[in-house]
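Beneath this line is the structure, given in structure tokens, with notes to follow.
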Amino acid sequence: MKAVTVETMRKMDETAIHTYGIPSTVLMEHAAMAVCGYFLAHIEKSKHVLIVCGPGNNGGDGFALARLLVQEGYTHVQLHCCVDYGHMSLDEAVFAKVANSYQIPCSHSEERKDIEQLIQDADIIVDALFGTGLSRTISGFYDRLILQINLADKMVISIDIASGIHGNSGQIMGCAIQADITLTFESYKLGQILYPGSAYSGKIIPLSIQMPKAIEQMAEGLLVLEDDLVKTLLPQRSSHSHKGTYGKALMIGGSKEMHGAVTMAAKAALRSGIGTLTLFVPDCITLLLASKLEESMIIGAASEDGFFAHDAITALKRILSQYDMIIIGNGMGRNEAGKELVRTVLESDRPCILDGDALYETGKITAALQRPYPTILTPHVKEMSYLSGHSIKDIQQDPIAVLKEFLRKYPFSTVALKDAHTIIANSQQMYLNLAGNHALAKGGSGDVLCGILAGLFGQSKDALTSAACAVYVHALTADLLLQDEDANSILPNDLIASLSETYQILREEE
Ligand SMILES: NC(=O)C1=CN([C@@H]2O[C@H](COP(=O)(O)OP(=O)(O)OC[C@H]3O[C@@H](n4cnc5c(N)ncnc54)[C@H](O)[C@@H]3O)[C@@H](O)[C@H]2O)[C@@H](O)CC1
Ligand SMILES: [K+]
């Protein structure tokens, strides 16, 4: 499954219609059948269903659905559409006439009180106002209608995309339906994944409309991470292997006040298959870490006021080449010595993972990112703004453009741009993670992700797939925990303790 732009979706539709010869009304019928299938599985036939239809093919889906619901025995189906046949798209007019021949009631009123009555009478409202064809700001009648629907406390199911969301940017075009569920066709639309569109979409459920499989495979878009895909990307362990096979990692970080961050990153790396792990930490926390981590080696480097001191740089330069990957940043704090440690790593030829405070320091020395060696960065939006020079607002509005620009500048980098929906990208490809939940919105959860990434990269040596898998494993672990525990109480250490279960699930054969 992919997440695509509106233009790509349109091309997919056109290919199905013109190259494969599938009539557009057949696609519309398939779309309506898929939505009807959702109704049959989840919504009782006695419920009052109000379907509001706009002037385009999204409205056509609504009319086609009305007929199918009635056919399936739904007893209270009501349509609303205030455009006449002459102002409908051709396919919508086809299905509107069919619905009419079935004598399904259809209101055409634009009166506020009539609409109020229709909404009040409904248990479920189906939003078939606008889909991927929304092209301008919503105003007038549709603006009022959307407001009335949003103010009513009814379950709202949007067809394809919540009306009012721009299908590419996720921006709200004046106003938008606040959906509980979006039943989207064939591919996710980027706008429903990006904020604020994501906040209006409710639960997004992709449905197939039986397009030829090759069309989606060829389409340009972000690959959505799912169990089946991640199973194919996870590094495999071999029975003929030894600890050297799975990476000799050096993890640089920690400070007097943030020793937990590096501890959790280390534990997560150890539970994610790293061959050997050595910690390089300020010497004031060596004993503390030694009491918490038995499986890793620990090197204490010069410290001052609880952070790395300048002499740590020489110590790092002496040992760096002994390791085949470096992780830097977790709980390191921000000071001059930290920045020089980051520079030392970036100026070396070792593959590296930059996290936490190392990302902030890298923002001051971005030229060093031009290194021709694998460099994985795991910024959240604010850290991405240090790295890219773009504002947080710009990044949120168009994270894909910002990532593309960044990766053009630093083509050996791989970025996991952390957000509710994380994007993982290198200069060739992008993955999108939709798994995970708000239990992850806690201090320390990023350190766990970094550790998982270190463990997987140590095994696969492939920056993009290890970053994609790490993000998914981290998110899926949180989802599995949420089945039995409350989000308030799920801690980063619980994620680490549950990693084994997640890996087991992802290794299961179908
Ligand atoms: N093309 C296809 O093959 C398929 C399309 N399908 C449906 O068709 C949708 C796309 O259909 P369309 O391209 O017709 O687009 P829409 O149904 O989203 O709407 C386009 C219509 O709305 C008008 N419009 C745009 N912005 C407006 C605004 N702010 N205020 C008032 N009117 C506005 C346009 O002038 C046009 O008449 C998809 O989202 C999906 O639901 C599905 O039936 C599956 C197959
Ligand atoms: K819609």
Side-chain angles (χ1 to χ4, degrees), residues 1-4 6 9 31-32 34-44 47-54 58-59 61-62 65 69 80 119 122-132 134 138 142-143 145-209 222 224-226 396 419-422 432-441 475 478-479 482-483 487:
M1 182 76 54
K2 285 186 178 150
V4 302
V6 165
M9 193 64 229
V35 176
C36 184
Y38 179 86
F39 265 76
L40 288 170
H42 298 97
I43 300 194
E44 288 164 34
K47 294 285 183 199
H48 289 237
V49 182
L50 169 64
I51 306 173
V52 289
C53 299
N58 195 253
D61 297 340
L65 172 68
L69 289 181
H80 177 274
I119 292 174
D123 298 309
I124 289 143
I125 300 173
V126 176
D127 152 36
L129 291 174
F130 302 106
T132 50
L134 182 73
I138 296 175
Y142 288 115
D143 179 56
L145 174 60
I146 288 175
L147 182 69
Q148 279 180 281
I149 291 174
N150 284 350
L151 287 175
D153 190 20
K154 304 286 175 175
M155 181 184 186
V156 179
I157 300 178
S158 283
I159 295 193
D160 205 20
I161 184 164
S163 299
I165 298 175
H166 188 286
N168 288 349
S169 67
Q171 294 307 299
I172 304 308
M173 305 286 279
C175 62
I177 288 281
Q178 181 68 65
D180 295 292
I181 290 165
T182 297
L183 301 174
T184 201
F185 300 136
E186 215 63 32
S187 299
Y188 293 92
K189 316 299 175 287
L190 278 178
Q192 61 198 177
I193 304 303
L194 301 175
Y195 185 80
S198 55
Y200 282 79
S201 302
K203 185 173 162 54
I204 306 169
I205 303 175
L207 299 176
S208 166
I209 60 168
L222 278 68
V224 176
L225 294 167
E226 292 162 315
Q396 278 172 334
D419 208 342
H421 297 148
T422 295
L432 174 69
N433 175 54
L434 301 176
N437 58 71
H438 48 91
L440 292 173
D479 285 345
L482 197 63
Q483 289 173 5

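Leu145 CG to Ile149 CD1: the interatomic distance, rounded to the nearest 0.5 Å, is 4.0 Å. A distance of 9.5 Å separates NZ in Lys189 from CD1 in Ile204, rounded to the nearest 0.5 Å. One distance of note links CZ of Phe185 with OG1 of Thr132; it measures 10.0 Å at 0.5 Å rounding. Put simply, OG1 on Thr422 and CG on Leu225 are 9.5 Å apart, with the number rounded to the nearest 0.5 Å.
Across all their heavy atoms, Tyr195 and Ala199 have their closest contact at CE1-CB, 4.0 Å. Minimum heavy-atom separation, Ala34 to Ser208: CB-O, 3.6 Å. Of all non-hydrogen atoms in Gly62 and Ala128, the two that sit nearest each other are CA-CB, 3.8 Å. Nearest heavy-atom pair, Ala3 versus Leu190, reported as atom, atom and distance to 0.1 Å: CB-CD2, 4.0 Å. Residue Lys154 comes nearest to Ile119 through the heavy atom pair CE-O, 3.3 Å, listed as atom of the first residue, atom of the second, then distance. Looking at every heavy atom in both residues, Cys53 comes nearest to Gly59 through SG-O, 3.5 Å.
Of the possible polar contacts, one joining the Asn150 side chain to the Gln178 backbone as a donor-acceptor pair under 3.5 Å is found. Listed for the Ser187 side chain is no donor-acceptor partner under 3.5 Å among the backbone atoms of Val4. For Asp180 (side chain) and Val156 (main-chain N/O), a donor-acceptor pair under 3.5 Å exists by modelled atom type. A distance-only check finds no donor-acceptor pair linking the side chain of Asp61 to the backbone of Ala31 [under 3.5 Å]. Using a distance-only test at 3.5 Å, with no hydrogens or angles considered, a donor-acceptor pair links the side chain of Thr184 to the main chain of Asp160. His421 contributes a side-chain N or O that, together with a main-chain N or O of Ile193, makes up a donor-acceptor pair within less than 3.5 Å. When atom types are taken as modelled, the side chain of Asp123 and the backbone of Lys47 share no donor-acceptor pair closer than 3.5 angstrom. Side-chain atoms of Glu186 come within 3.5 Å of backbone atoms of Ile209 as a donor-acceptor pair (strictly under, hydrogens ignored). Asn437 contributes a side-chain N or O that, together with a main-chain N or O of Ala478, makes up a donor-acceptor pair within less than 3.5 Å.
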**OP:** Please assess Leu222 against Val224 for the test side-chain contact (heavy atoms from CB on, under 4.5 Å), listing each intermediate value before the final yes or no.
**Re:** CA-CA 6 Å; Leu222 278 68; Val224 176; 5.8 Å; no
Subject >> Derivation and outcome, side-chain contact (heavy atoms from CB on, under 4.5 Å), residues Leu434 and Leu432 >> reply: CA-CA 6 Å; Leu434 301 176; Leu432 174 69; 3.9 Å; yes
Original post:
Given the rule in the side-chain contact (heavy atoms from CB on, under 4.5 Å) test, do Ile157 and Ile124 qualify, once you have shown the distances and angles that lead to the verdict?
Top reply: CA-CA 7 Å; Ile157 300 178; Ile124 289 143; 4.1 Å; yes
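Looking only at side-chain heavy atoms (C-beta outward), Leu69 and Cys36 come within less than 4.5 Å of each other. A 4.5 Å side-chain heavy-atom check between Tyr188 and Met1 finds at least one atom pair inside the cut-off. Residues Leu207 and Ile205 form a side-chain contact, since some pair of their non-hydrogen atoms from C-beta on lies under 4.5 Å apart.
Within 6.0 Å of atom OH in Tyr38, more than 12 heavy atoms from other residues, nucleotides or ligands are found, so the atom counts as buried in its surroundings.
Here the rule is side chain to side chain contact (heavy atoms under 4.5 Å, CB included) with Ile159, and of Ile51, Val126, Thr182, Leu129 only Val126 fits it. The only option from Val49, Leu183, Val35 that meets the side chain to side chain contact (heavy atoms under 4.5 Å, CB included) definition with Leu65 turns out to be Val35.
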What donor-acceptor contacts under 3.5 angstrom involve side-chain atoms of residues 163-177, with partners at least two apart or in another chain?
{"from": "Ser163", "atom 1": "OG", "to": "Asp127", "atom 2": "OD1", "distance (Å)": "2.4"}
{"from": "Ser163", "atom 1": "OG", "to": "Asp127", "atom 2": "OD2", "distance (Å)": "3.2"}
{"from": "Ser163", "atom 1": "OG", "to": "Phe130", "atom 2": "N", "distance (Å)": "2.9"}
{"from": "Ser163", "atom 1": "OG", "to": "Phe130", "atom 2": "O", "distance (Å)": "3.1"}
{"from": "His166", "atom 1": "ND1", "to": "Asn168", "atom 2": "N", "distance (Å)": "3.1"}
{"from": "His166", "atom 1": "ND1", "to": "Ser169", "atom 2": "N", "distance (Å)": "3.3"}
{"from": "Asn168", "atom 1": "OD1", "to": "Val6", "atom 2": "N", "distance (Å)": "2.7"}
{"from": "Asn168", "atom 1": "ND2", "to": "Glu7", "atom 2": "OE1", "distance (Å)": "2.9"}
{"from": "Asn168", "atom 1": "ND2", "to": "Glu7", "atom 2": "OE2", "distance (Å)": "3.4"}
{"from": "Ser169", "atom 1": "OG", "to": "Gln171", "atom 2": "N", "distance (Å)": "3.1"}

